[in-house]
Amino acid sequence: MLTQAQETIIADTAPVVAEHLNAITAHFYPLMFERYPEVKPLFNQAHQADGGQPRALAGSVLAYVQLRQDPARARHVLESVVNKHVSLNIQPDQYPIVGECLMAAIGDVLGDAVTPEVADAWGALYQELADLLIELEGQRYRAFAAAPGGWRGERRFRIACTRQESAVIRSFVLEPEDGQAVADFQPGQFIGVRLMIDGTPVYRHYSLSASPNGRSYRISIKREAQGQVSRHFHDNLDVGDVIELLPPAGDLTLPEEGQDPIMLLSGGVGQTPMLSLLRQALQQGRRVTYLHAARDQAQHAFGDELQACRRDYPQQLEVVTLYEQADEYPAQAPSGRVTRALLAEHLPSGNPRCYFVGPQGFMVAVNQHLAALGVPESHRHFEHFGPARALEAA
């Protein structure tokens with residue numbers, strides 16, 4: 001617990017730290033990778049290069065400073081951090097590394113303004129945050145390990161089969177090498193993946209694209225031209241190859257109770273978490289509208305699965321497909337981008353809950369349109385495949 005003197009110092013210096021926080025976090029990561037190269041594989045270097053990861057860290061630190069006097073809200077805001085950490089198997093002994101390098105970065109950027117008293121106060125604040133994250137993550141690790149089919153740390157899975165879903169998306173069905181059961185997950189969640197590429201471990205997380213079945217998991221990966229791991233999956237991995245999985249995580253999930261209608265909106269590979277959410281909502285008896293925007297028909301995946309859902313639930317499900325580039329597209333598929341008018345036309349009546357995932361520009365537009373159409377923030381649910389970013393502006 002911080003002393004009263006430390007609380008005063010944090011309050012007095014928070015505006016200065018906030019003003020320079022982007023510079024601090026941008027300096028922090030190279031410093032940490034230089035001092036502790038063993039942690040570098042935990043971070044997607046593409047998100048380092050485009051500044052996404054430093055911005056996400058800065059946002060988390062600011063959010064905690066602002067909300068720490070309200071523990072319940074602070075825990076809620078930190079859920080996205082906990083989810084990503086669980087999918088990477090972050091452990092308590094890694095937090096001192098971050099603390100040391102973050103404090104060094106603060107000192108390097110702010111210089112003489114960081115007196116010993118200021119350093120002690122911010123060090124105590126970081127430790128408070130670290131202790132909270134360690135507690136929350138420990139609870140999740142223990143609960144998953146105790147669940148039927150659960151485990152702790154990495155578990156080896158073999159690729160049982162693959163399927164090309166579109167010109168750019170391939171699915172991989174993963175079964176445990178030990179032949180035992182696998183734990184269920186909540187539809188909409190993602191799972192951590194650890195694999196070796198050229199002798200170096202790399203970590204990623206991918207949405208679980210099929211409903212829980214107790215036997216296997218399915219991930220569906222878009223081949224990105226510059227994506228180290230996605231290209232490795234598409235170009236080098238096949239049936240029989242082994243990768244390691246970490247516990248499922250994520251909070252893009254349906255509420256356990258209620259019959260609010262559901263609107264699912266996805267752009268591109270944002271389809272992947274929607275498939276299990278769709279099945280779950282239909283099985284709960286909810287009305288569902290699913291709007292998907294693809295670049296063109298060749299990149300539109302999972303058409304057969306959507307047709308099966310429409311056949312099984314004809315009275316509950318409406319499917320709308322939108323092609324951005326549509327020189328040749330089915331007559332029923334409109335061309336262009338998601339507009340407010342299109343959402344207004346298909347938004348279910350009756351206080352719908354809306355879930356959306358896709359490229360940043362897509363999510364910004366959808367969020368703004370839904371807000372303008374009167375969908376409250378509490379009913380707008382979204383998830384970033386990479387580091388979290390604000391949706392208020394493109």
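Here the structure is a predicted model, which means the values were calculated and not measured. Excluded from the calculations below are hydrogen atoms, water molecules and symmetry mates; all remaining heavy atoms, backbone and side chain alike, are included.
- Looking at Y141, its side chain never comes within 3.5 Å of a backbone N or O of G153 through a donor-acceptor pair.
- In this structure, R170 contributes its side chain and I221 its backbone to no donor-acceptor pair below 3.5 Å.
- Remark: side-chain polar atoms of R231 are paired, donor with acceptor, to backbone N or O of G227 under 3.5 angstrom.
- Criterion: ILVMFWY side-chain heavy atoms under 4.5 Å apart, direct or through other members. Under it, Y203 and F157 are not part of a common hydrophobic cluster.
- Using a 4.0 Å cut-off between charged nitrogen and carboxylate oxygen, R156 and E154 do not count as a salt-bridge pair.
- The distance from atom CG of L133 to atom CD of E128, rounded to the nearest 0.5 Å, is 11.0 Å.
- Checking side-chain atoms of D241 against main-chain N and O of D238 turns up a donor-acceptor pair under 3.5 Å.
- Atoms OG and CD, from S171 and E305 in turn, are 7.0 Å apart once rounded to the nearest 0.5 Å.
- Within the 4.5 Å cutoff, side-chain heavy atoms of F356 are placed close to those of L370.
- Residues V17 and L110 are in side-chain contact: their nearest non-hydrogen atoms beyond the backbone lie under 4.5 Å apart.
- Considering all non-hydrogen atoms of both residues, Q316 and L282 come closest at NE2-O, 3.1 Å.
- Hydrophobic clustering (ILVMFWY, side-chain heavy atoms < 4.5 Å, transitive): V319 and V288 are in one cluster.
- Between the side chains of Y36 and Q94, no donor N or O sits under 3.5 Å from an acceptor N or O.
- Distance check, rounded to the nearest 0.5 Å: OH of Y290 to CG of L264 gives 7.0 Å.
- Here the CG atom belonging to L275 is positioned 13.0 Å from the CD atom belonging to Q280, to the nearest 0.5 angstrom.
- For R35, the salt bridge (charged side-chain N to carboxylate O under 4.0 Å, His left out) partners at least two apart in sequence or on another chain are E100.
- Looking at D296, its side chain does come within 3.5 Å of a backbone N or O of Q299 through a donor-acceptor pair.
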### Message
Quick one, E135 with R75, criterion side chain to side chain contact (heavy atoms under 4.5 Å, CB included). Give me CA distance, side-chain angles, the key distance, then yes/no.
### Response
CA-CA 11 Å; E135 175 193 347; R75 286 170 180 251; 3.2 Å; yes
### Message
Show, in sequence, the C-alpha distance, side-chain angles and deciding distance for V168 and V269, and conclude whether the side chain to side chain contact (heavy atoms under 4.5 Å, CB included) test is met.
### Response
CA-CA 9 Å; V168 293; V269 75; over 6 Å; no
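- Considering every non-hydrogen atom in both L246 and S87, the closest pair reads CD1-O, 3.1 Å.
- Residues E224 and S230 have side chains that never bring a donor and an acceptor to within less than 3.5 angstrom of each other.
- Proximity of L245 to V193: side-chain heavy atoms (C-beta onward) are separated by under 4.5 Å at one or more points.
- No chain of hydrophobic side-chain contacts below 4.5 Å, direct or via other Ile, Leu, Val, Met, Phe, Trp or Tyr residues, connects L31 to M103.
- For the pair F185 and Y217, the minimum side-chain heavy-atom distance is below 4.5 Å.
- By the neighbour-count criterion of 12 heavy atoms within 6.0 Å, atom CD of E34 is sparsely surrounded, having that number or fewer from other residues, nucleotides or ligands.
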### Task
List the steps, then state whether side-chain hydrogen bond (donor to acceptor under 3.5 Å, both in side chains) holds for S209 with R218.
CA-CA 6 Å; S209 61; R218 187 181 76 173; 2.9 Å; yes
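- In this structure, L67 CG and L78 CG are separated by 8.5 Å, a value rounded to the nearest 0.5 Å.
- A distance-only check finds a donor-acceptor pair linking the side chain of R380 to the backbone of V375 [under 3.5 Å].
- Two different hydrophobic clusters hold L88 and L174 under the rule that ILVMFWY side chains link at heavy-atom gaps under 4.5 Å.
- Taking the six-membered ring where the residue is Trp, W151 and F144 present perpendicular rings, their angle passing 60° and hence far from 30°.
- H379 places no side-chain N or O within 3.5 Å of a backbone atom of P352 that could act as its donor or acceptor partner.
- Each of R155, R194, R158 was scored for a salt bridge (Lys or Arg N to Asp or Glu O under 4.0 Å) with E244, with one residue passing: R194.
- Across all non-hydrogen atoms, the minimal contact from C161 to V239 is CA-CG2, 3.7 Å.
- A salt bridge links R337 with E324: the distance from a Lys NZ or Arg NE/NH1/NH2 to an Asp or Glu carboxylate oxygen falls below 4.0 Å.
- A donor-acceptor pair under 3.5 Å links the side-chain atoms of H20 to the main chain of V16, judged by distance alone.
- Remark: the backbone N or O of A301 is paired with a side-chain donor or acceptor of Q271 at under 3.5 angstrom.
- Hydrophobic clustering (side-chain heavy atoms under 4.5 Å, transitive across Ile, Leu, Val, Met, Phe, Trp, Tyr) keeps Y206 apart from I90.
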### Query
Given the rule in the side chain to side chain contact (heavy atoms under 4.5 Å, CB included) test, do Y313 and Q283 qualify, once you have shown the distances and angles that lead to the verdict?
CA-CA 9 Å; Y313 300 93; Q283 291 167 0; 3.5 Å; yes
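- Closest non-hydrogen pair, I169 versus H234, comes out as C-CE1, 4.1 Å.
- For the pair F190 and N83, the minimum side-chain heavy-atom distance is below 4.5 Å.
- The CG atom of L291 sits 10.0 Å away from the CD atom of E345 when rounded to the nearest 0.5 Å.
- Note: Y95 and Y126 have tilted aromatic rings, judged against thresholds of 30 and 60 degrees for the angle between ring planes.
- Counting heavy atoms from C-beta outward, I97 and M32 have side chains that approach closer than 4.5 Å.
- Side-chain contact check for E117 versus D120: every heavy-atom pair is 4.5 Å or farther apart.
- Looking at every heavy atom in both residues, D184 comes nearest to N213 through OD1-N, 4.3 Å.
- Taking the six-membered ring where the residue is Trp, H300 and Y323 present perpendicular rings, their angle passing 60° and hence far from 30°.
- Annotation: side chain of W122 is in contact with side chain of V65 (closest heavy-atom distance under 4.5 Å).
- The two residues A121 and L2 come nearest to each other via the heavy atoms O-CD2, 4.3 Å.
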